[in-house]
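What follows is a single structure, written as structure tokens, with notes after it.
Residue numbers start from 1 in every chain, and the chains themselves are labelled A, B, ... in the order their sequence lines are given, proteins ahead of strands.
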2 protein chains.
Amino acid sequence: MSDSKSVLIVDDEAPIREMIAVALEMAGYNCLEAENANEAHSLIVDDKPDMVLLDWMMPGTSGIEFARRLRKDETTADIPIIMLTAKGDEDYKIKGLEAGVDDYITKPFSPRELVARLKAVLRRTTPKGIEEPVSVDGLTLDPISHRVTSEQDPIDLGPTEFRLLQFFMTHQDRAYSRSQLLDMVWGGNVYVEERTVDVHIRRLRKALGARHDYLVQTVRGTGYRFSANVA
Amino acid sequence: MSDSKSVLIVDDEAPIREMIAVALEMAGYNCLEAENANEAHSLIVDDKPDMVLLDWMMPGTSGIEFARRLRKDETTADIPIIMLTAKGDEDYKIKGLEAGVDDYITKPFSPRELVARLKAVLRRTTPKGIEEPVSVDGLTLDPISHRVTSEQDPIDLGPTEFRLLQFFMTHQDRAYSRSQLLDMVWGGNVYVEERTVDVHIRRLRKALGARHDYLVQTVRGTGYRFSANVA
DNA sequence: CAATACTGTTACACAAATATTACAAACTGC
DNA sequence: GCAGTTTGTAATATTTGTGTAACAGTATTG
């Protein structure tokens with residue numbers, strides 16, 4: 001929910017676009033719509049959507065042609081594309097895949113199928129960062145197993161505290177204001193009270209215990225800092 | 001026939017693909033074909049072939065590049081790859097092996113040679129994780145007899161629970177999201193609700209009983225983890 | 001040493017995530 | 001086609017997390 005992905009829907013029929021948009025928005029995506037290739041191209045350049053849903057049949061530049069064009073241009077080459085096609089013809093599938101389309105889906109389709117495929121494509125195109133365990137003075141956070149330990153002993157953290165600690169451990173020795181922390185840990189477009197950060201800091205400190213709570217330091221008038229050095 | 005192995009043939013020249021396909025099918029393999037890297041990638045994700053035959057020279061993403069890409073991604077990292085190359089150049093061989101290619105065959109080759117190498121590669125890659133029994137704290141899963149026991153006592157599992165447990169036991173101490181589990185255990189081209197995972201986790205836990213259900217741990221906000229260490 | 005401005009702590013309502021159960025459809029071996 | 005599984009989903013219960021407000025404490029400043 002921190003940053004919902006945006007999807008550009010390209011189809012010449014407005015009702016279909018609408019239907020898709022509704023389905024996707026219910027699933028938490030932001031939707032852009034375009035009626036033809038030109039319009040789509042402008043939107044892609046301007047808004048850089050995370051993925052494009054492209055109708056196969058369109059007046060003017062056909063979907064497949066447009067897909068090829070996107071692939072050729074370096075700036076748009078790695079935007080994932082899902083093709084919408086009316087027929088389940090295998091031939092189309094081949095051609096689509098040739099053009100570098102990531103998946104394709106046959107009309108009519110259920111909203112569920114659409115969302116599922118979309119997710120799958122996003123999942124396998126979004127490169128996952130290499131996640132190395134970090135540790136400081138006996139405190140270790142392992143993003144792989146999603147675990148925090150203090151000298152081997154497990155520490156139980158809620159999701160938010162975990163993210164907060166992860167952020168801190170990868171951004172040490174630097175003071176962050178409450179709003180910066182909200183941006184970085186909570187995500188850009190959520191509205192919560194700044195003081196809420198205090199509460200989570202408190203929870204984090206409590207969980208870290210006497211052995212490690214010195215790592216989370218208050219910077220009066222500014223915010224908080226994570227550091228192995230005492231202030 | 002319940003499980004004849006499937007082989008993905010990646011080559012830009014259709015006649016060559018065909019030739020290979022015919023040879024392999026006669027030898028009892030199922031063949032998939034792809035003309036380029038993108039197409040190949042989709043097929044791999046969707047159909048999870050047991051092995052990939054990869055042409056060295058291809059327009060667009062070259063074979064070697066593609067091999068590297070497959071090795072990088074965890075979900076495709078252990079699919080065996082055999083490279084096809086027109087030249088017997090040792091240099092290519094080195095590069096191929098560096099990229100994690102399992103074997104290497106020089107065109108032109110006889111169908112017999114191809115099948116022989118393929119068998120050899122499958123023989124030495126398949127048993128890797130799949131045939132060895134795994135056990136943790138008195139819980140044992142034997143892939144050969146397809147049986148799970150808790151201190152000698154048999155545990156009855158449905159097919160999905162079995163695969164889920166097998167996946168978990170071979171990927172311990174690591175948190176997986178529901179979608180990842182769907183990808184890994186259900187397969188790339190099925191579209192089911194994420195919550196379905198919960199239900200199967202429940203069934204698995206129930207089957208494991210009080211003695212072992214602690215192994216399946218929920219990681220709030222993320223998914224699940226299998227581990228012998230208590231959270 | 002107030003007065004003030006921050007920060008710490010706690011409790012609590014309600015949101016969100018997960019657990020559990022029930023059920024119908026799809027599948028399996030007769 | 002029939003009995004028994006298995007599977008995915010929806011509905012419901014339960015647990016756990018989150019944000020806020022109210023109050024307590026502590027540094028800062030004139």
Side-chain angles (χ1 to χ4, degrees), chain A residues 1-2 4 26-28 110-113 115-116 146 148 155-166 175-183 185-187 189-210 213-226 231, chain B residues 1-2 146 148 155-166 175-183 185-187 189-210 213-226 231:
Chain A
M1 4 220 81
S2 47
S4 66
M26 286 211 309
S110 68
R112 161 169 307 155
E113 186 185 356
V115 171
H146 221 268
V148 180
I155 289 185
D156 187 38
L157 290 180
T160 306
E161 281 76 57
F162 184 89
R163 289 200 309 277
L164 184 57
L165 180 60
Q166 183 170 31
Y176 289 96
S177 71
R178 291 175 176 71
S179 43
Q180 282 177 313
L181 289 173
L182 283 176
D183 276 358
V185 178
W186 273 252
N189 34 19
V190 284
Y191 173 68
V192 290
E193 287 293 322
E194 292 207 342
R195 292 301 309 279
T196 297
V197 174
D198 296 32
V199 178
H200 283 276
I201 288 282
R202 153 76 173 140
R203 285 168 182 157
L204 178 56
R205 280 173 172 161
K206 199 170 179 181
L208 291 180
D213 64 357
Y214 77 96
L215 292 165
V216 180
Q217 303 165 358
T218 302
V219 184
R220 212 179 161 77
T222 302
Y224 297 94
R225 170 183 54 204
F226 185 92
Chain B
M1 62 202 136
S2 57
H146 221 262
V148 179
I155 288 184
D156 186 38
L157 289 181
T160 306
E161 281 75 56
F162 184 87
R163 288 202 311 278
L164 183 57
L165 181 60
Q166 181 171 21
Y176 288 96
S177 71
R178 291 173 176 70
S179 351
Q180 283 177 313
L181 289 173
L182 285 176
D183 274 358
V185 178
W186 274 253
N189 53 353
V190 286
Y191 301 107
V192 294
E193 286 292 321
E194 292 203 345
R195 294 256 145 260
T196 298
V197 174
D198 297 32
V199 178
H200 284 275
I201 289 281
R202 152 80 172 134
R203 286 168 181 156
L204 178 56
R205 279 173 173 161
K206 201 170 179 181
L208 291 179
D213 64 357
Y214 77 96
L215 292 165
V216 179
Q217 304 166 357
T218 120
V219 183
R220 229 151 215 272
T222 300
Y224 298 94
R225 170 182 55 205
F226 186 93

From [atom1] of [X] over to [atom2] of [N], roughly how many Å is that when rounded to an integer?
X         : N       : atom1 : atom2 : result
Arg178(B) : dA17(C) : CZ    : P     : 10 Å
Asp198(A) : dG25(D) : CG    : P     : 17 Å
Lys206(B) : dT6(D)  : NZ    : P     : 13 Å
Arg205(A) : dG25(D) : CZ    : P     : 17 Å
Tyr176(A) : dT7(C)  : OH    : C1'   : 21 Å
Ile201(B) : dT20(C) : CD1   : P     : 11 Å

Given dC6(C), is OP1 or OP2 found less than 4.0 Å from the side-chain N or O atoms of Thr218(A)? no
Give a yes/no answer on whether the side chain of Arg202(A) brings an N or O atom under 4.0 Å of OP1 or OP2 in dT7(C). no
With sequence neighbours left out, the residues meeting salt bridge (Lys or Arg N to Asp or Glu O under 4.0 Å) with Arg205(B) are none
Heavy-atom pair with the smallest gap, counting every atom of [X] and [Y]:
X         : Y         : value
Ala175(B) : His146(A) : CB-CB, 3.7 Å
Phe226(B) : Leu165(B) : CE1-CD1, 3.8 Å
Leu157(B) : Ala207(B) : CD2-CB, 3.3 Å
Glu194(A) : Ser179(A) : OE2-CB, 3.4 Å
Val197(B) : Arg178(B) : CG2-O, 3.9 Å

For this session: Taking Arg163(A) for its side chain and Val185(A) for its backbone only, find out whether a donor-acceptor pair lies under 3.5 Å.
Result: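 Present.
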* Under 4.0 angstrom, heavy atoms only, what part of the nucleic acid is Tyr224(B) near: base, sugar-phosphate, or nothing? -> sugar-phosphate
Exercise. For the helix from dC1(C)-dG30(D) to dC30(C)-dG1(D), what is the angle between the axes at its two ends, each from 5 pairs, rounded to 10°?
Worked result: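 The helix from dC1(C)-dG30(D) to dC30(C)-dG1(D) shows an end-to-end axis angle of 40°.
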Would you say that Tyr224(A) contacts Val219(A) through its side chain, given a criterion of any heavy-atom pair below 4.5 Å between the two side chains?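 SC-SC contact between Tyr224(A) and Val219(A) ruled out.
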Paired with Glu161(B), the side-chain hydrogen bond (donor to acceptor under 3.5 Å, both in side chains) test is passed by just one of Gln166(B), His200(B), Arg203(B), namely His200(B)
Counting primed atoms, P, OP1 and OP2 as sugar-phosphate and everything else as base, the B/S/- map of nucleotides 8-17 of chain D against protein heavy atoms under 4.0 Å is BBB----BSS
